Every structure is written in C-alpha cells, then in structure tokens.
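Data first, discussion second: the structure below is written as structure tokens.
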Amino acid sequence: MSTELTMETLTSLLKRRGFVYPASEIYGGINGFYDYGPLGVELRQNIKNVWWKEMVHQRDDVVGLDSTIIQSAKVWKASGHLDNFTDPLVDCKESKMRYRADQLFFANVQVDGNSIGYVSAQECADTEAELVKKALELKRKAGVQGELDSLEIKEFTEATEDEVALVPSPATGKPGSLTPPRAFNMMFQTYVGALANDSSKTYLRPETAQGIFTNFKNVVDSTRVKLPFGIAQIGKAFRNEITPRNFIFRSREFEQMEIEYFIPGDDDIWPKMHREWIDNCLEWLHGIGIPKDRLGEDVHPKEKLSHYSRATTDITFDFPFGRQELWGIAARGNFDLTQHQEHSGKTLEYFDEARKERYIPHVIEPSVGVDRTLLAVLCSAYSEDEIGGEKRTLMRFHPKIAPITAAVFPLVKNKPELVELTKKLHRKLQRRWNVFYDQSGAIGRRYRRMDEVGTPFCITVDFDSLEDGTFTVRDRDTTEQKRMTEAEIIAHIDDRING
RNA sequence: GCGGGCAUAGUAUAGUGGUAAUACGUGAGCUUCCCAAGCUUGAAUCGUCGGUUCGAUCCCGUCUGCCCGCACCA
C-alpha cells in the first residue's frame with residue numbers, strides 16, 4: 001500500500017530518524033550540502049558495497065581504483081572542464097534568459113557614420129546575417145534615411161560598461177536588461193602549497209572519471225587486464241551548482257560510482273556494449289529494490305550530444321518532484337584518452353595482442369550518483385499501511401541494503417534471564433550483520449520503531465526460548481511471525497539477503 | 001541569479017509587544033507473555049545579526065536556510 005510521497009514527509013522522517021541532516025545546521029546551514037546520520041551512513045555504505053561487489057568482485061573484467069580528489073590542473077585543461085566551466089554568463093533580467101558571453105554578439109549600428117543604436121544576437125549558423133537583418137529593422141523603425149555602414153561585430157565579453165547598458169537583449173529587443181558578464185565557475189577552486197598564485201591553483205574534481213583515464217596506463221601495465229575491461233571508482237565529486245535543488249538530488253558535494261569500460265574502437269562493437277551496460281545497470285537498480293515501473297530510459301537526441309559522445313542513455317527514476325536522471329550511460333568514443341595523450345605527451349595506446357594492433361581504446365561510461373541512488377531507494381522503500389486499524393509507516397528496504405539488518409528484543413525487560421539470553425544472541429548475530437538491541441517499551445512499539453527505519457527482521461526472545469532455544473522472527477513487510485533456532489535464523493537472513 | 005512564500009522543542013503544529021504551548025517522539029521508573037496500551041516523572045523550542053521600544057519570538061531591515069515558479073544543469 002504505497003502512498004503518494006511528498007518530499008516534506010520524506011525529509012522530516014529522514015531527519016527525525018537520523019538518515020540525513022542539513023550540513024552545518026547549527027550555524028544556519030549551507031546551501032547544497034547534506035550530512036548523513038547514523039542510519040544514513042549505513043544505508044549509503046551498503047549501497048556502495050553492493051555496487052562494488054556486483055560491479056567489481058563478481059565480474060572478471062572490472063578492476064577498482066581510488067584516485068585523488070585534487071589533481072593537477074592540467075588534467076582539467078585536457079579534459080575540457082577548465083574551458084567549459086570558466087565561460088562568463090550574461091543574464092537578461094527581463095526575459096530571464098541566460099547566455100554565454102562568448103556566444104553572444106553585438107554591433108553598433110551606424111548610418112552614414114552616425115550611431116542609431118545597437119543590435120545583438122546569439123551565436124548561430126550565420127550570426128552576421130542575423131545582425132545585419134536586425135540592423136536594417138532598426139534603421140527602418142528609426143525612420144532614418146541613408147546607407148547602413150558595415151557592422152563591426154563584437155563578442156559580449158568585450159562589451160564596455162556603457163555598451164552593456166545600451167545593447168538590447170536578443171530576447172526582448174530592449175536595451176538595459178542585460179547584466180555584465182559574470183564568471184560562473186562550476187569547479188571549486190583551491191591552491192596547493194603555501195603560495196596562492198596561478199601556478200598553484202587547482203580544482204576539486206567535478207567528476208571521478210578523469211582519475212580513471214589518467215591511470216589507464218598504470219592499470220594496463222600493472223594488472224594484466226585485456227580489452228575489453230573496465231576500471232571502477234567510487235568517490236566524491238564537487239560542482240559549484242548555481243542552484244542546488246531537490247534535497248540530495250542535486251548537491252554541491254556528492255559521490256559518484258563510475259566505470260570506464262574500455263573497448264576496441266570498431267563501429268560494430270560499441271552499440272552492443274552500450275546496450276549491455278544499460279541492461280546491466282537497470283538490473284542492478286532493480287536488485288536493490290527499485291521497482292522497474294519507476295525506471296525509464298531517456299535517449300539523448302543526436303543534436304544534444306557532446307561532440308565526442310556517440311550515444312548517451314539516461315536511466316531515469318520517477319521522483320516525487322518528477323522524472324529525473326539517475327544513471328547516465330555514455331558511449332564516449334576515445335575522446336578522453338586522446339586528449340590526455342595529446343596534453344601529456346605520453347602514449348596511452350593499448351597493444352592488442354590478439355590483433356597485433358596498437359590503438360587508443362574507446363569507452364562505455366556508466367556513471368551514477370550515490371546520493372541520487374540513495375534517494376531513489378528511499379522513495380521506493382517508503383510506504384504506509386494499516387495494522388489493527390493503526391496507520392503504520394515503514395521503509396521496505398531490500399535486506400541487503402537495510403541500515404539495520406535485524407533487531408533483537410527481550411519480550412519483557414524486567415526478567416533478567418530473558419535479557420541475558422537476548423544479549424547473548426545479539427552478540428552472536430552482530431558478528432555477521434548490523435543488529436540492534438532494544439528493550440524499551442511494549443513489544444509492538446519496538447516493532448514499529450524498526451518498521452520506520454526499515455529493519456527487515458525482528459527477533460523476540462520469550463520464555464519458550466529459555467526452554468527450547470527457538471525465537472520469534474517477525475517479518476517487517478508481512479508482520480508474520482515464525483519460530484526458529486539460532487542456526488535457522490542465520491540461514492533465513494542469509495537467504496533473504498542473497499536470494 | 002530573478003520573482004513569490006515560509007522559519008516556534010527531534011518531528012508536526014498552536015500562540016503572544018511583558019521570554020511560550022499541544023500532540024507524537026524521547027530519558028528514568030513501575031507495569032506488561034508478541035504489534036505505537038496504562039501510570040509516575042524528567043529533558044528539550046521562538047534561525048542570524050541589527051534597528052524601533054522601558055521591554056521584541058511577535059514590528060522593521062540584513063543575512064542564512066527551506067519550499068514553489070523561471071532560468072541554469074559542460
């Protein structure tokens with residue numbers, strides 16, 4: 001009985017039960033950052049561990065890597081991030097349009113040497129023709145006779161203060177609504193060493209992928225991998241988003257789980273590999289408890305692809321705030337390795353023994369955010385039902401990612417022999433899983449506490465346990481109870497986790 | 001970044017120019033033989049800074065954060 005979930009309901013539960021808190025909260029918070037509490041960190045670790053286990057350990061063709069957050073600034077120059085992130089932007093205050101200043105052009109319109117105003121246009125197939133068209137229009141409206149002088153076209157990055165005030169917005173045609181160009185650098189900047197100058201300047205990585213590319217040769221030379229093979233990495237990345245929104249969906253500090261899967265460049269290979277990875281990723285998401293009917297595929301249209309990308313498919317999830325990207329699976333060609341080979345001057349070619357051929361491999365790049373996955377898991381797990389007329393809130397986490405795997409309770413707390421036996425059982429089960437002990441409150445209350453944090457198994461020790469060594473195992477989703485011995489409990493939980 | 005709304009315990013909310021409350025939750029104790037029972041008792045709140053005022057949680061301004069639109073999201 002899942003109910004329409006709002007983000008308000010979810011975030012208050014996550015705060016109340018210790019999953020997610022706003023970062024720096026006692027100082028008023030900091031926009032775009034979130035901290036994970038005692039239960040959040042467990043869930044997060046479990047998601048990462050399952051991913052690593054299934055994407056790295058259980059495959060023979062993927063190896064792991066952990067590269068640094070801060071790397072040489074040259075890495076970001078080569079990858080293109082530096083140039084793409086430092087472009088100044090211009091806002092039109094009236095139409096709310098935003099332009100890249102280096103793609104916005106303007107010209108002073110003069111008739112027989114006399115200025116009659118300015119025209120502007122966004123970069124297009126024939127920007128000059130567009131500007132001339134607008135200039136003639138301006139001349140006609142102004143009712144000025146005479147010959148239009150040839151236009152001196154300038155980039156908006158070169159606009160003087162006076163010109164900024166006079167150049168019309170391409171959207172509205174009216175002057176005065178454009179802001180001066182402002183730099184929006186999406187990369188967090190920092191300095192390495194004691195001196196803060198241009199040569200010590202570098203950036204926190206905006207994606208983990210580049211650390212994989214820069215270590216490609218190291219991995220090939222040290223591990224006997226053969227194409228096709230992948231390098232996987234889980235790690236933090238940082239983007240100074242203009243507007244972080246939607247809770248942990250788009251934050252400024254986040255964690256990615258990425259694989260660069262290296263393949264030969266042949267045209268008939270990548271589409272097949274691309275499709276295999278999409279299916280593989282969908283299957284993984286389903287395996288951690290995300291229902292297939294909330295997942296979708298968004299194929300990027302050709303004209304929207306980056307020039308180096310051959311195809312990109314996003315796996316989407318239906319969040320309470322809409323259908324959004326969860327996992328991008330890109331066929332990136334060999335752009336990145338080629339860039340790093342050019343900029344570093346080191347060969348990043350791979351020698352294919354089977355083919356007796358040397359080439360720069362292409363890649364399939366499945367890239368997913370830990371925090372987005374966690375949010376999708378939370379949204380999927382949340383549900384409400386009724387037990388004996390009472391409303392119940394529960395998180396239906398898959399047992400393999402539940403923050404607490406099992407809880408143990410003495411039926412009553414004022415009988416020392418029950419408490420003692422329960423604690424003994426607790427210590428034994430803790431060796432395998434995160435197991436929680438609780439003796440406070442009526443047994444029903446303790447069950448509900450565990451329901452709300454998604455603990456799949458509750459084990460109650462009663463007076464029969466003292467006699468026959470069996471315990472009541474209560475199932476979170478069905479509330480059904482079964483008596484089992486300790487050995488049976490271990491087998492049962494193992495089975496539910498792996499089954 | 002723009003426009004609008006909001007900010008009171010852990011959560012959800014009430015309320016007041018003379019420093020505050022209800023519910024749930026939570027600590028301690030009693031009770032309790034399986035689904036938020038009961039009793040006793042405790043802790044805990046007006047986002048920040050400034051102004052007006054004898055006095056501000058309340059009025060005004062600033063900042064910060066949150067929500068909704070727009071724009072942005074290599």
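Proteins get letters first, then strands, A, B, ... in listed order; numbering begins at 1 in each. Just so it is clear, the model here is predicted, and its values are computed rather than measured. Just so it is clear, the values below take in all heavy atoms, side chains as well, and ignore hydrogens, waters and symmetry mates.
When both pairing distances are held under 3.5 Å, B:C54 makes a Watson-Crick or G-U pair with B:G18. Across the strands present, B:A74 finds no partner; the criterion is a Watson-Crick or G-U wobble pair with both atom distances under 3.5 angstrom. Nucleotide B:C49 forms a pair with B:G61, judged by Watson-Crick or G-U wobble geometry with both contacts under 3.5 Å. Pair assignment for B:A36: none, as no Watson-Crick or G-U wobble contacts are both less than 3.5 Å. Look at B:U26: its Watson-Crick or wobble partner, with both distances under 3.5 angstrom, is B:G42.
Here B:C24 presents its C1' atom at 9 Å from CZ of A:Arg16, a figure rounded to the nearest Å. The CD-P distance, from A:Gln210 to B:A74, rounds to 15 Å in whole Å. Rounding to whole angstrom units, CZ of residue A:Arg449 and C1' of B:U26 are separated by 9 Å. Across the protein-nucleic acid pair, A:Ile443 atom CD1 and B:A37 atom C1' stand 14 Å apart, rounded to whole Å. For A:Glu452 and B:C24, the CD to C1' distance is 11 Å, given to the nearest whole Å. We find that CG of A:Leu14 is positioned 19 Å from P of B:G25, with the value rounded to whole Å.
Base engagement by A:Glu207 is indicated by at least one non-hydrogen atom pair under 4.0 Å involving a base atom. At the heavy-atom level, A:Tyr34 lies under 4.0 Å from the strands shown only through sugar-phosphate atoms. Heavy atoms of A:Arg245 sit under 4.0 angstrom from at least one base atom. Among the heavy atoms of the strands lying under 4.0 Å from A:Lys413 is at least one base atom, whether or not backbone atoms are also near. Across all strands, A:Thr479 comes closer than 4.0 Å to base atoms (heavy-atom distances).
Each of B:A36, B:A74, B:C66 was ranked by its minimum atom distance to the side chain of A:Arg445; first place goes to B:A36. For A:Asn414, counting side-chain heavy atoms from C-beta on, the closest listed nucleotide (B:C33, B:A37, B:U31) is B:U31. The side chain of A:Leu411 has B:C33 as its nearest neighbour among B:A36, B:C35, B:C33. Of all nucleotides listed (B:A74, B:C34, B:C33), B:C34 comes nearest to the side chain of A:Asp462. Which of B:U11, B:A37, B:A74 sits closest to the side chain of A:Met186 comes down to B:A74.
Going from the P atom of B:U62 to that of B:G51 covers 15 Å, rounded to whole Å. For the P atoms, the distance linking B:A23 with B:A37 amounts to 15 Å, nearest Å. Here, B:A20 and B:U57 have their C1' atoms 9 Å apart, quoted to the whole Å. To the nearest whole angstrom, the two C1' atoms, one in B:C54 and one in B:U11, are 38 Å apart. On the C1' atoms, B:G10 is 16 Å away from B:G47, given to the nearest whole Å. Rounded to whole Å, the separation between the P atoms of B:U32 and B:C67 comes to 48 Å.
The base of B:C35 does not come close enough to the side chain of A:Arg392 for any donor and acceptor atom to sit less than 3.5 Å apart. Side-chain atoms of A:Thr472 and base atoms of B:C34 include a donor and an acceptor less than 3.5 Å apart.
An OP1 or OP2 oxygen of B:G10 is reached within less than 4.0 angstrom by no side-chain nitrogen or oxygen of A:Lys15. When the side-chain nitrogen and oxygen atoms of A:Arg17 are compared with OP1 and OP2 of B:C24, none of them lie within a distance under 4.0 Å. Contact annotation: A:Arg448 side-chain N/O to B:G25 OP1/OP2 distance is not under 4.0 Å.
Side-chain polar atoms of A:Thr316 and A:Asp314 form no donor-acceptor pair below 3.5 angstrom. There is no side-chain donor-acceptor pair under 3.5 Å between A:Gln210 and A:His81.
Rounding to the nearest 0.5 Å gives a distance of 10.5 Å between OH of A:Tyr34 and CD of A:Glu25.
In terms of position on RNA chain B, the residue among A:Phe247 and A:Gln439 whose nearest nucleotide sits closer to the 5' end is A:Gln439. Comparing A:Gln481 and A:Tyr27, the nucleotide of RNA chain B nearest to each residue sits closer to the 5' end for A:Gln481.
With a 6.0 Å radius and a threshold of 12 heavy atoms from other residues, nucleotides or ligands, A:Arg16 has its CZ atom above the threshold. The 12-atom threshold is exceeded at CD of A:Glu325, counting heavy atoms of other residues, nucleotides or ligands nearer than 6.0 Å.
The residue from A:Phe249, A:Phe247, A:Tyr382 that alone fulfils the ring pair (Phe, Tyr, Trp, His ring centres under 6.0 Å) condition with A:Phe319 is A:Phe249.
Note: A:Phe457 and A:His492 meet the aromatic proximity criterion, with ring centroids under 6.0 Å apart.
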